[in-house]
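Worksheet: the structure to be examined is printed underneath.
Start at 1 and go down the list; that is how both ligands and their atoms are numbered.
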Amino acid sequence: MRLANKTALITGGNSGIGLATAKLFVAEGAKVTVTGRNRDTLEEAARELGPNALAVVADATDIAATEAAIKKAAEKFGKLDIVFANAGIPGDTPLGATSLEAFEKVLRTNITSVFFTVQSALPYLNDNASIILNGSVISVLGNPGYSAYAASKAGVRAMARVMASELSPRGIRVNVVAPGGARTPIWNGRAPTADAFAVLEKRISMTTPLGRMADADHIAKTVLFLASDDAAHVQSAEIFVDGGATGSPAGAPIFRG
Ligand code: NDP
């Protein structure tokens, strides 16, 4: 068991990558608190995760709610060894058709909340803890329509490096996992039907050297590595889990003759 006697907090742990990570953490011996806004999916997650998990309703954009959730986690399972700041939203913000409200909602959720999750967790974090922030390939790809999301995820990378500097004196590691397109409910808005999703999956697969979308588990396993003592000397790194989409795009199926 790679996380025996460890305690973890996962924001957005009731869906997709966060839920897959919570399951893996519990299987590896951790005690895990998951947060999210949706009470129903949180209850479902709690049932699935079993007695070594706690589910707490907490909107990550609400600092007081975040602090209260972290306090509850620490009261139930003890101080935290792992924080996975994973909660995030997509959101179209194309030039020419974007309101200030829509733009700021993405930034507030995907970056401001990440900062305050980490800040709120600090008093409850053990020395030598591991913090993992969820980034994205969109932070480097320049995909149209994604200005706010791309900025938020590039900001996550920049912020992780600052946090790593500030927290190294306590031995706390801060790293980023940067997923490529992964099969999770995050795409429900953009591809609401099976046909629309098939088109999306084909497009992502064609531009990914390994020729597929990720499963949430691909990302969860990398988060497990960063959370565990196996990554004891990994500090301020960003690991792209994207089938080569950012590192070797010329190898994608779309370019094969
Ligand atoms: P999901 O939509 O399945 O999960 C998103 C999670 O974030 C949900 O649990 C949701 O819970 C939670 N969440 C969203 N807003 C808030 C909020 N204000 N407060 C608390 N929780 C919130 O998507 P993924 O699992 O795919 O996404 C997880 C992370 O991975 C995100 O940061 C995303 O940007 C990133 N990512 C995903 C990729 C993909 O292709 N899937 C690619 C690159 C990065 P609830 O609705 O209950 O609040």
Side-chain angles (χ1 to χ4, degrees), residues 9-24 32-46 48-49 55-70 84-91 104-117 120 132-141 143 146 148-157 159-160 176-192 197 200-201 203-205 207-208 212-220 222-223 238-243 245-246:
L9 172 82
I10 300 177
T11 65
N14 48 341
S15 179
I17 293 167
L19 179 58
T21 305
K23 287 182 190 164
L24 189 57
V32 179
T33 300
V34 294
T35 64
R37 294 163 300 176
N38 185 320
R39 188 175 297 277
D40 293 341
T41 52
L42 275 169
E43 282 174 5
E44 208 176 301
E48 263 186 89
L49 292 166
V56 185
V57 178
D59 186 329
T61 64
D62 176 342
I63 297 174
T66 301
E67 283 172 352
I70 292 168
F84 182 27
N86 160 76
I89 53 168
E104 289 192 331
K105 185 177 176 198
V106 174
L107 292 186
R108 189 176 165 96
T109 307
N110 291 4
I111 184 144
T112 309
S113 300
V114 170
F115 176 85
F116 284 100
T117 294
S120 304
I132 301 107
L133 312 184
N134 204 330
S136 171
V137 293
I138 303 289
S139 68
V140 294
L141 285 179
N143 285 9
Y146 277 100
Y149 186 85
S152 72
K153 296 300 189 176
V156 161
R157 169 170 52 245
M159 201 165 68
V176 178
V177 65
R183 252 180 253 103
T184 73
I186 206 170
W187 297 104
N188 288 354
R190 183 166 288 247
F197 189 79
L200 173 89
E201 179 159 30
R203 205 188 66 226
I204 292 176
S205 303
T207 53
T208 301
R212 62 177 177 229
M213 281 184 90
D215 290 324
D217 263 348
H218 288 124
I219 320 302
T222 305
V223 178
E238 180 173 30
I239 302 185
F240 283 86
V241 188
D242 66 352
T246 52

| query | Can you list the ligand 1 atoms lying under 4.0 Å from a non-hydrogen atom of Y149? | reply | 33 (C), 34 (O), 35 (C), 36 (N), 43 (C), 44 (C)

| Which option out of S113, G180, S15, S136 puts a heavy atom nearest to atom 38 (C) of ligand 1? | G180

| message | Determine whether a donor-acceptor pair (N or O, by modelled atom type, separation under 3.5 Å) exists between the side chain of T41 and the backbone of N38. | response | yes

| said: Does the residue M213 have a heavy-atom contact with ligand 1, meaning some pair of atoms that are separated by less than 4.0 Å? | reply: no

| task | Report yes or no: does S113 contribute a side-chain atom to a donor-acceptor pair with the main-chain N or O of A60 at less than 3.5 Å? | result | yes

| request: Could you list which atoms of ligand 1 come closer than 4.0 Å to a heavy atom of W187? | output: 39 (C), 40 (O), 41 (N)

| field | Interfacing atoms of ligand 1 (cut-off 4.0 Å, heavy-atom, G16) | value | 3 (O), 25 (O)

| message | Quick check for you: to the nearest 0.5 Å, what is the distance between T35 atom OG1 and N14 atom CG? | response | 7.5 Å

| When rounded to the nearest 0.5 angstrom, what distance separates CD1 in I138 from CG in D242? | 10.5 Å

| said: Suppose I only count heavy atoms of P185 and a 4.0 Å limit; which atoms of ligand 1 are within that range? | reply: 2 (O), 3 (O)

| Does ligand 1 have an atom that lies less than 4.0 angstrom from a heavy atom of A20? | no

| query | Has the side chain of D215 got a donor or acceptor atom that lies under 3.5 Å from a matching backbone atom of D217? | reply | no

| query | Is any NZ, NE, NH1 or NH2 atom of the basic residue among R183 and E201 found under 4.0 Å from an Asp or Glu carboxylate oxygen of the other? | reply | yes

| Quick one: does A58 get within less than 4.0 Å of ligand 1, heavy atoms only? | yes

| task | Please confirm whether G181 comes within less than 3.5 Å of ligand 1 when only nitrogen or oxygen atoms on both sides are compared. | result | no

| task | Identify the protein heavy atom lying closest to atom 19 (N) of ligand 1, giving its residue, its atom name and the separation to 0.1 Å. | result | A60 N, 2.7 Å

| request: Please confirm whether G12 comes within less than 3.5 Å of ligand 1 when only nitrogen or oxygen atoms on both sides are compared. | output: yes

| message | Determine whether a donor-acceptor pair (N or O, by modelled atom type, separation under 3.5 Å) exists between the side chain of N86 and the backbone of N134. | response | no

| Is the backbone N or O of A182 less than 3.5 Å from a side-chain atom of W187, with the two atoms forming a donor-acceptor pair by type? | yes

| message | Return the closest protein heavy atom for atom 44 (C) of ligand 1 as residue, atom name and distance. | response | G135 O, 3.2 Å

| query | Okay, side chain of S139, backbone of G135: is any donor-acceptor separation there less than 3.5 Å? | reply | no

| ligand 1 contact by A214, heavy-atom criterion under 4.0 angstrom | no

| task | For residues V34 and L42, determine if any side-chain heavy atom of one lies less than 4.5 Å from a side-chain heavy atom of the other. | result | yes

| Do any N or O atoms from the side chain of T11 and from the backbone of A87 form a donor-acceptor pair under 3.5 angstrom? | yes

| note | Distance col, row I10:CD1 vs K23:NZ, nearest 0.5 angstrom, shows 11.5 Å

| task | Using a 4.0 Å heavy-atom threshold (strictly under), name the region of N86 that reaches ligand 1: side chain, backbone, both or neither. | result | both

| message | Applying a heavy-atom cut-off of 4.0 Å, say which part of K153 lies close to ligand 1: side chain, backbone, both or neither. | response | side chain

| query | For atom 46 (O) of ligand 1, what's the nearest protein heavy atom and its distance? | reply | R37 NH2, 3.2 Å

| query | How long is the gap from OG1 on T208 to CE on M213, to the nearest 0.5 Å? | reply | 8.5 Å

| said: If I take atom CD from residue E104 and atom OG1 from residue T109, how far apart are they, to the nearest 0.5 angstrom? | reply: 11.5 Å

| note | Y146 meets the ring pair (Phe, Tyr, Trp, His ring centres under 6.0 Å) criterion, sequence neighbours left out, with Y149

| atom 26 (O) of ligand 1: which protein heavy atom is closest, and how many Å away? | T184 OG1, 2.5 Å

| request: Measure the distance from atom 5 (C) of ligand 1 to every protein heavy atom, then report the residue, atom name and distance (to 0.1 Å) of the closest one. | output: G88 O, 3.7 Å

| Got an N/O contact under 3.5 Å between N134 and ligand 1? | yes

| request: Among all protein heavy atoms, pick out the one at the shortest distance from atom 18 (N) of ligand 1; state its residue, atom name and that distance to 0.1 Å. | output: D59 OD1, 2.9 Å

| message | Nearest 0.5 angstrom please: I63 CD1 to F115 CZ, how far? | response | 9.0 Å

| query | Do T35 and ligand 1 have an N or O pair less than 3.5 Å apart? | reply | no

| request: Write out the residue and atom name of the closest protein heavy atom to atom 25 (O) of ligand 1, then the distance separating them to 0.1 Å. | output: I17 N, 2.8 Å

| How close does the nearest protein non-hydrogen atom get to atom 10 (C) of ligand 1, and which residue and atom is it? | N14 OD1, 4.0 Å

| query | Backbone or side chain, does any N or O of N38 fall under 3.5 Å from an N or O of ligand 1? | reply | yes

| task | Decide whether an N or O pair under 3.5 Å exists between T41 and ligand 1. | result | no

| query | If we only count N/O pairs under 3.5 Å, is I89 in contact with ligand 1? | reply | no

| task | Look only at interatomic distance and state if A182 has a nitrogen or oxygen under 3.5 Å from any nitrogen or oxygen of ligand 1. | result | yes

| query | Any heavy atom of T11 sitting closer than 4.0 Å to ligand 1? | reply | no

